[in-house]
Amino acid sequence: MFNEGIIATQINRVELKENRSNFVRQDYLMGVYVALQTKNIQPADSYLQISAFYPIFHTFNGMQQRTKQMFLFAADIFYGPHFQSDIWKYVRIHFVPGLHYTFQLTDEFYLHYLGVEMMAGIDLPLAHHWSLLLNGAFTVDYPNLGTNRLIQPYDYAWQYQISFGFRYSKKGRNDFAYIESRRYAREKNQSAPKE
């Protein structure tokens, strides 16, 4: 099944300093994502997400900074096992722990982040083939794989992500949906056991 939508992220990088306040850099980015999700594969389904971002603004120790270049961007790839709870039929909760990699072009460096990510979200079955998706994620990263590793290594890096998307799938049909078409209601009545 394919999921698509919009995604926002906040990337945080910290340099620890002695005898003064630490250097804290924060990048706020918006973008789009596409995800490939399997269904009915035991013991756990798989989830692969690819995202592309464009920076909105950047802060240094809480003060907004102007970028020197126009063509700055970031890309992210995330993979992990997909666990879903079917406790509620009309609000399905899912969790995806996994590994992720982010590439970011900044004014100063080519940054490469490698880390672990935990994503959690809800699926809202809007109709039998349509679902609305709301996800939040947190990552802990190692940020010193890029050109900054010798000049300006960072001590800590982490990200917050939030995404809103949708899924249209014929294979992953929703048995329970907010909007029930007449055709599926008729199928459900025909398949119900008769007394």
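Remark: the backbone N or O of L133 is not paired with any side-chain donor or acceptor of N3 at under 3.5 angstrom. The main-chain N or O of W158 is never found under 3.5 Å from a side-chain atom of T139 such that the two would form a donor-acceptor pair. Not a single donor-acceptor pair under 3.5 Å links the side chain of H58 to the backbone N or O of Q65. Looking only at distances, no side-chain donor or acceptor of D45 sits under 3.5 Å from a matching main-chain atom of Q37.
Taking the centre of each ring, F138 and Y160 come in below the 6.0 Å mark.
Partners of A8 by side chain to side chain contact (heavy atoms under 4.5 Å, CB included), not counting sequence neighbours, listed by chain and number: M30, I162. Qualifying ring-ring contact (aromatic ring centres under 6.0 Å, His included) partners for F2, counting only residues two or more places apart in sequence or in other chains: none. The ring-ring contact (aromatic ring centres under 6.0 Å, His included) check on F57 picks up Y28, with sequence neighbours excluded. Listed by chain and residue number, D123 satisfy the salt bridge (Lys or Arg N to Asp or Glu O under 4.0 Å) test with R167 (two or more places apart in sequence, or in another chain). For the side chain to side chain contact (heavy atoms under 4.5 Å, CB included) test, residues two or more places apart in sequence or in another chain that qualify with A44 are P81, F83. Judged as a salt bridge (Lys or Arg N to Asp or Glu O under 4.0 Å), and not counting sequence neighbours, the contacts of K17 are E15. T147 is linked by a side chain to side chain donor-acceptor pair (under 3.5 Å) to nothing, counting only residues two or more places apart in sequence or in another chain. For Y47, the side chain to side chain donor-acceptor pair (under 3.5 Å) partners are Q49, not counting sequence neighbours. By the side chain to side chain donor-acceptor pair (under 3.5 Å) test, Y54 pairs with no residue at all, sequence neighbours left out. T59 meets the side chain to side chain donor-acceptor pair (under 3.5 Å) test with Q26; sequence neighbours excluded.
Each of L16, N12, V140 was compared with Y156 under the side-chain contact (heavy atoms from CB on, under 4.5 Å) criterion, and only L16 meets it.
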### Residues Y33, I50; criterion side chain to side chain contact (heavy atoms under 4.5 Å, CB included); working and verdict
CA-CA 6 Å; Y33 78 92; I50 300 171; over 6 Å; no
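Connectivity analysis of hydrophobic side chains (ILVMFWY, heavy atoms under 4.5 Å, direct or indirect) links I41 to nothing; its cluster partners are none.
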Could you pull out every donor-acceptor pair under 3.5 Å between side chains of residues 108-119 and any protein atom, sequence neighbours left out?
residue	atom	partner	partner atom	Å
H112	ND1	Y101	OH	2.5
Y113	OH	R13	NH1	3.2
Y113	OH	Q104	OE1	2.7

